[in-house]
Number of protein chains: 2
Amino acid sequence: MTKQEKAAQILSDPRNQQEEIKALQDTIYVIGGKWKLPIINSLCNGNRRFRDIERSIPGITTRMLSRELKEMEANQLLKRTVTPNSPVLVEYTVTDYCQSFGDIILEMIKWGKKHREKIRTV
Amino acid sequence: MTKQEKAAQILSDPRNQQEEIKALQDTIYVIGGKWKLPIINSLCNGNRRFRDIERSIPGITTRMLSRELKEMEANQLLKRTVTPNSPVLVEYTVTDYCQSFGDIILEMIKWGKKHREKIRTV
DNA sequence: CATTTTGGTATACTCTATGATACTGGTAAC
DNA sequence: GTTACCAGTATCATAGAGTATACCAAAATG
């Protein structure tokens, strides 16, 4: 790299890029893993009860669902409401804060469909 | 659940929802993990060479970068070009196929920034 | 000529995210 | 009175994601 190139690189605001990468890594940290986005998606699709969510996500186990729900509740991505009727009713709903993942999830669903097409036709 | 509710649920096209969840899971499978999205982001920001990418992503090791690049090349998310000049030049670029993650990444960066604000002010 | 840079590979290790399976206590349905 | 549903817990096991560190050969830099 010449001195000119070095100067150009420094001038292109690397600090900003570093911050963006860190923001990206933060998000990945919060919603990363196999299950969190599918759970949010399921909740957004109207599932509110434990077994309904479980049934709506192929492959998930009660253990993972339980853990993820707890963690996401702690991170204020969703809310757990208990109604103490004769059969106790437990319901999960996404918070506004979490709604903002809607767009990301939709994009990822689109991509996944395209990808399946591509795999199939190759 | 009453019979009416059951019927309503069946009518709401669960097959479609199942497919969407699977598409989502596929996408997560392809770009999941700690590093793939940051790598794509780095490439989109103009980094093309191994050490540049490495330096642009805080915390990544050469080993992980090497592995991830190979895997992503195999999945056709990016292309590796070798120019046999006197110092051999190796360059990585995203494929069109991969460009489509741009929007997702931008959304995630936005969310990460908001999240940091939220954490900071609480 | 000593050091640094480039583009990685090799080896050895940790550890955590996930999986499999079983179980519980209460209610309700058959 | 047995079977099934709800909302989970408990225990144990494991693959593979990720870390740490050292190393290589060739070229450029100072």
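Convention: sequence-line order gives letters A, B, ...; per-chain numbering from 1.
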State whether a side-chain donor-acceptor pair under 3.5 Å links A:Thr27 with B:Trp111. no
In this structure, how many angstroms lie between the C1' atom of C:dG19 and the CD atom of A:Glu68, rounded? 13 Å
As a test of reading the structure: which of C:dG8, D:dG18, D:dG8 is closest to the side chain of B:Met64, going by heavy atoms? D:dG18
Report the distance from atom CG of B:Asp52 to atom P of C:dT6, rounded to the nearest whole Å. 7 Å
With a 4.0 Å cutoff (strictly under), does any side-chain N or O of B:Ser66 reach OP1 or OP2 of C:dG8? no
Distance check needed: C:dT6 P versus B:Arg80 CZ, whole Å only. 16 Å
Provide, to the nearest angstrom, the distance between the CD1 atom belonging to A:Ile60 and the P atom belonging to D:dG8. 13 Å
Tell me: CD of A:Glu71 to P of C:dT16, nearest whole Å? 13 Å
Any idea which of C:dT18, D:dC6, C:dA28 is nearest the A:Arg55 side chain? D:dC6
Which residue lies toward the 5' end of DNA chain D, B:Lys34 or A:Val90, if each is placed at its nearest nucleotide? A:Val90
Regarding D:dT21, can its base be found pairing with the side chain of B:Thr61 as donor and acceptor, where the two atoms are less than 3.5 Å apart? no
Presence of B:Tyr92 side-chain N/O under 4.0 Å of C:dG8 phosphate oxygens OP1/OP2: yes
State plainly whether the residues B:Arg120 and B:Glu117 are in salt-bridge range, i.e. N to O under 4.0 Å. yes
Using heavy-atom distances to pick each residue's nearest nucleotide on DNA chain C, tell me which of A:Gly32 and A:Val88 is more 5'. A:Gly32
Taken to the nearest whole Å, CD1/A:Ile28 to P/D:dA17 is 15 Å
Nearest-nucleotide 5' precedence on DNA chain C, A:Gly59 against A:Thr62: A:Gly59
Distance-only donor-acceptor test, A:Arg63 side-chain atoms vs C:dG19 base atoms, 3.5 Å: yes
Mind calculating the distance between CG (A:Leu65) and P (D:dT9) to the nearest angstrom? 10 Å
Look at A:Arg67 and D:dA10 and indicate whether a side-chain polar atom (N or O) is within less than 4.0 Å of OP1 or OP2. no
Are there more than 12 heavy atoms of other residues, nucleotides or ligands under 6.0 Å from atom NZ of A:Lys113? yes
Looking at B:Tyr92, is B:Lys79 sitting on its ring face, NZ or CZ under 6.0 Å from the six-membered ring centre and within 45 degrees of the normal? no
Could you check whether any side-chain N or O of B:Ser66 sits under 3.5 Å from a backbone N or O of B:Thr62, counting only pairs where one atom can act as donor and the other as acceptor? no
Identify whether any heavy atom of B:Lys70 sits under 4.0 Å from a base atom; if not, whether one sits that close to sugar-phosphate; answer base, sugar-phosphate or nothing. sugar-phosphate
